[in-house]
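Some notes on the structure that comes next.
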Amino acid sequence: MTNNEVKDLIDLLDKQHPNAVCELEYSSIYELLVAVILSAQCTDKRVNIVTKKLFAVVNTPEQMAKIDIEQLEKMIFSCGFYHNKAKNIIACSKDIVDRFGGEVPSNIDDLMSLAGVGRKTANVVYAVGFGGNAIAVDTHVLRLSNRLGFVDSDNPLAAEKALMSAVPEEYWSHLHHLLIHHGRHVCSSQKPKCDECLIKKYCKYIKEVKK
Ligand code: SF4
């Protein structure tokens, strides 16, 4: 894709998804980090229901580092994978307290160095929380980057690298939100609504299906 085509693709996605922003609710970067960890394999809507109650009880790394894991598990149970998520939230909270003076670090390397924080979570926090340029690859971004022909791989890191090399840096974070919204609302895994899709002309997948 040329730079002009990438810009056109983003314009079309903007037209289709005029409100493509992070849908997680938070009032601090630490709360954002916890919400992103909870959002794995879970809807943002469900995470927001859970965090509303959770953050009323505990919303700082210092408090979370001391919480009993079973108490936390009970509070986040409905987000799924609650045991691992509770473990990761407590581990990264302890790390934030012990190594970063209670402040969530503001660069990708330090974010990724936190116990329980993977590349995707670090990228989302860096982009959404700190306004940095990053492309977090979740299942929607991975699917769309393949269907649009940016990459031919089921490896999230390969997709992230391909998108970063094809798309000007200032668009990375916004494109991440646009692709998530497109994946959620138009281009689902099993039943993509191709008739409604404004970026059809850039879709490699539809061209192959029609062959
Ligand atoms: S044309 Fe269909 S498969 Fe291609 S991006 Fe649009 S919705 Fe997805």
Side-chain angles (χ1 to χ4, degrees), residues 1-26 32 35-49 79-81 108 118-211:
M1 240 184 248
T2 65
N3 270 1
N4 280 344
E5 286 173 331
V6 168
K7 283 178 193 157
D8 183 44
L9 173 80
I10 291 169
D11 284 345
L12 291 167
L13 285 169
D14 267 327
K15 201 172 164 190
Q16 187 134 39
H17 309 287
N19 301 312
V21 291
C22 178
E23 290 173 341
L24 295 170
E25 291 167 3
Y26 59 95
L32 170 66
V36 176
I37 292 173
L38 290 175
S39 72
Q41 315 274 333
C42 181
T43 65
D44 289 355
K45 201 174 166 189
R46 164 59 48 192
V47 171
N48 290 338
I49 292 168
C79 289
F81 302 97
I108 294 264
R119 187 174 189 91
K120 189 189 73 164
T121 298
N123 275 335
V124 175
V125 173
Y126 178 65
V128 176
F130 293 104
N133 297 321
I135 301 181
V137 178
D138 72 348
T139 180
H140 301 296
V141 177
L142 184 60
R143 181 171 66 259
L144 261 299
S145 55
N146 273 275
R147 286 183 175 175
L148 294 170
F150 284 107
V151 72
D152 182 10
S153 169
D154 58 7
N155 181 326
L157 186 56
E160 183 183 325
K161 286 187 175 168
L163 286 166
M164 285 164 73
S165 91
V167 176
E169 189 172 339
E170 67 264 33
Y171 298 120
W172 290 354
S173 302
H174 187 47
L175 181 63
H176 153 79
H177 291 303
L178 289 170
L179 292 179
I180 287 177
H181 278 249
H182 203 63
R184 279 182 187 158
H185 304 296
V186 180
C187 188
S188 66
S189 162
Q190 300 302 319
K191 286 186 179 172
K193 300 173 190 163
C194 303
D195 291 344
E196 296 173 20
C197 178
L198 296 188
I199 59 169
K200 202 187 299 183
K201 67 178 173 183
Y202 293 116
C203 181
K204 190 177 154 212
Y205 173 85
I206 191 83
K207 284 174 195 147
E208 282 172 3
V209 167
K210 277 189 176 172
K211 263 182 198 171

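Whatever order the structure lists them in is the order used to number ligands and atoms, beginning at 1.
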- [ ] Would you confirm whether Lys207, through its side chain, and Lys201, through its main-chain N or O, come within 3.5 Å as a donor-acceptor pair?
- [x] yes

Task: Contact summary for Gln16 and Glu196, nearest pair of heavy atoms - done: NE2-O, 2.7 Å

Open item on the list: If we ignore hydrogens and angles and just use 3.5 Å, is the side chain of Asn133 paired with the main-chain N or O of Trp172 as donor and acceptor?
Closed with: no

Task: Heavy-atom donor-acceptor pair, Lys45 side chain to Glu23 backbone, under 3.5 Å - done: no

Can you give each donor-acceptor pair under 3.5 Å made by side-chain atoms of residues 149-156, sequence neighbours left out, with the distance rounded to 0.1 Å?
unit_1: Ser153; atom_1: OG; unit_2: Asn155; atom_2: N; d: 2.9
unit_1: Asn155; atom_1: OD1; unit_2: Leu157; atom_2: N; d: 2.7
unit_1: Asn155; atom_1: OD1; unit_2: Ala158; atom_2: N; d: 3.3

Open item on the list: Using only atom types and a distance under 3.5 Å, with no angle test, would you say the side chain of Arg184 pairs donor to acceptor with the backbone of His140?
Closed with: no

Open item on the list: I'd like to verify the contacts: list protein N, O or S atoms under a distance of 2.8 Å from atom 8 (Fe) of ligand 1.
Closed with: Cys187 SG

